[in-house]
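The structure appears right after this line, and notes come after that.
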Amino acid sequence: MKAKVNHYRREGRLALRHMWFVIVVFAVVQVIVSIAVAAANAKTSLGGLKSAGFAAIWSMFLVIIFTVLGGKMVLTSNKSSELMVGFMIGIAAMLTELFFVLMVMFFILGQEASSEIAPSDKAYAVFSLLNMIIYFVWTIILVVHRRTVAISSQEAAAATSKEYGQYGVGVTETYNPAIGPVGGAHEEFTGDQEEL
């Protein structure tokens with residue numbers, strides 16, 4: 001186990017990918033559990049609360065969006081911008097807090113609900129606890145290994161200059177594909193313009 005942890009410390013991108021697969025599995029389960037809780041709480045005659053169903057469905061949509069954005073960042077071989085990585089850290093921290101609040105809320109609702117609705121509310125509370133732990137671990141891993149998935153502004157500038165370097169343009173020149181290199185490397189244009 002210690003060897004695996006040391007391997008993850010060295011290979012941050014691998015740790016993020018493996019944790020990402022855990023998040024994807026829990027996202028699929030989140031969809032199922034959220035729909036079940038919303039269906040159970042739709043029965044207002046038995047004491048269900050439509051607001052609890054809304055909270056479950058809303059959290060499901062947030063998890064789906066996070067799964068798509070995070071998968072784009074982790075599973076592609078390209079690096080994301082520093083802004084995107086910071087945005088994902090913020091979303092993961094927000095989801096951690098959201099599932100903490102949902103855990104507390106659904107434990108309380110499960111205590112006060114009727115015997116028909118209480119099991120789904122308590123199950124969602126336990127599932128929210130698991131989600132809170134998973135997103136907290138994901139946030140920690142992403143904060144520690146953010147350099148493995150983020151491209152700095154200096155790296156981006158270097159990549160851009162390499163891209164333009166393929167045209168044979170020096171550092172002091174600006175390349176315009178329509179008219180060629182400009183910026184003092186060639187003589188002034190003396191075309192058929194009128195003198196003013």
Side-chain angles (χ1 to χ4, degrees), residues 1-2 4-41 49-111 113 117-152:
M1 183 70 175
K2 191 171 184 174
K4 191 73 161 171
V5 170
N6 287 333
H7 183 65
Y8 282 145
R9 283 185 185 157
R10 285 189 313 266
E11 299 285 333
R13 200 164 191 61
L14 183 67
L16 287 169
R17 281 188 185 181
H18 287 176
M19 190 62 191
W20 189 251
F21 291 125
V22 172
I23 287 175
V24 168
V25 168
F26 272 80
V28 171
V29 176
Q30 172 77 29
V31 170
I32 297 167
V33 171
S34 294
I35 291 172
V37 167
N41 279 296
L49 297 171
K50 289 189 176 185
S51 58
F54 173 78
I57 296 296
W58 178 251
S59 65
M60 175 189 74
F61 284 127
L62 290 177
V63 166
I64 289 170
I65 291 169
F66 178 76
T67 304
V68 170
L69 288 177
K72 182 178 180 270
M73 183 181 72
V74 172
L75 298 177
T76 61
S77 60
N78 298 334
K79 289 187 170 188
S80 299
S81 68
E82 292 173 329
L83 181 65
M84 177 66 172
V85 174
F87 183 68
M88 291 303 293
I89 290 171
I91 291 176
M94 182 270 316
L95 284 174
T96 302
E97 294 172 19
L98 173 73
F99 282 114
F100 174 74
V101 169
L102 289 176
M103 175 193 67
V104 171
M105 182 182 90
F106 276 97
F107 269 133
I108 293 170
L109 288 176
Q111 294 295 325
I117 296 173
S120 67
D121 286 348
K122 289 179 182 177
Y124 193 80
V126 171
F127 187 70
S128 293
L129 173 67
L130 293 174
N131 270 338
M132 181 189 70
I133 292 168
I134 287 170
Y135 288 116
F136 181 71
V137 170
W138 166 258
T139 305
I140 297 299
I141 292 172
L142 189 56
V143 166
V144 170
H145 296 294
R146 66 183 173 268
R147 297 285 175 223
T148 62
V149 293
I151 186 168
S152 68

To check you understand the geometry: which heavy-atom pair defines the closest contact between [X] and [Y], and what is its length?
X    : Y    : value
G71  : W20  : N-CZ2, 3.1 Å
A55  : L102 : CB-CD2, 3.9 Å
M132 : T96  : CG-O, 3.5 Å
G53  : N41  : N-CB, 4.1 Å
A93  : T139 : N-OG1, 3.6 Å
S59  : S34  : OG-OG, 4.3 Å

Distance flag, aromatic centroids of F99 and F127, threshold under 6.0 Å: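 When the ring centroids of F127 and F99 are compared, they turn out to be at least 6.0 Å apart.
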Is the W138 to F21 ring centre distance short of 6.0 Å?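 When the ring centroids of W138 and F21 are compared, they turn out to be at least 6.0 Å apart.
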Between [atom1] of [X] and [atom2] of [Y], what distance do you get to the nearest 0.5 Å?
X    : Y    : atom1 : atom2 : value
N131 : M103 : CG    : CE    : 11.5 Å
I141 : F136 : CD1   : CZ    : 11.0 Å
L62  : I57  : CG    : CD1   : 11.5 Å
M105 : Y124 : CE    : OH    : 8.0 Å

Other residues, nucleotides, ligands: >12 heavy atoms within 6.0 Å of F107 CZ: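 Buried by this count: over 12 neighbours within 6.0 Å.
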Any chance you could lay out the side chain to side chain contact (heavy atoms under 4.5 Å, CB included) test for I64 and V31, step after step, and finish with the verdict? CA-CA 8 Å; I64 289 170; V31 170; 3.9 Å; yes
Show, in sequence, the C-alpha distance, side-chain angles and deciding distance for L69 and F87, and conclude whether the side chain to side chain contact (heavy atoms under 4.5 Å, CB included) test is met. CA-CA 10 Å; L69 288 177; F87 183 68; 4.1 Å; yes
Mind checking whether F26 and I23 have side chains closer than 4.5 Å, heavy atoms only?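 Of all side-chain heavy-atom pairs linking I23 with F26, none is under 4.5 Å.
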Start with the C-alpha distance between L98 and L95, add both sets of side-chain angles, then the distance that settles side chain to side chain contact (heavy atoms under 4.5 Å, CB included), and finish with yes or no. CA-CA 5 Å; L98 173 73; L95 284 174; 4.0 Å; yes
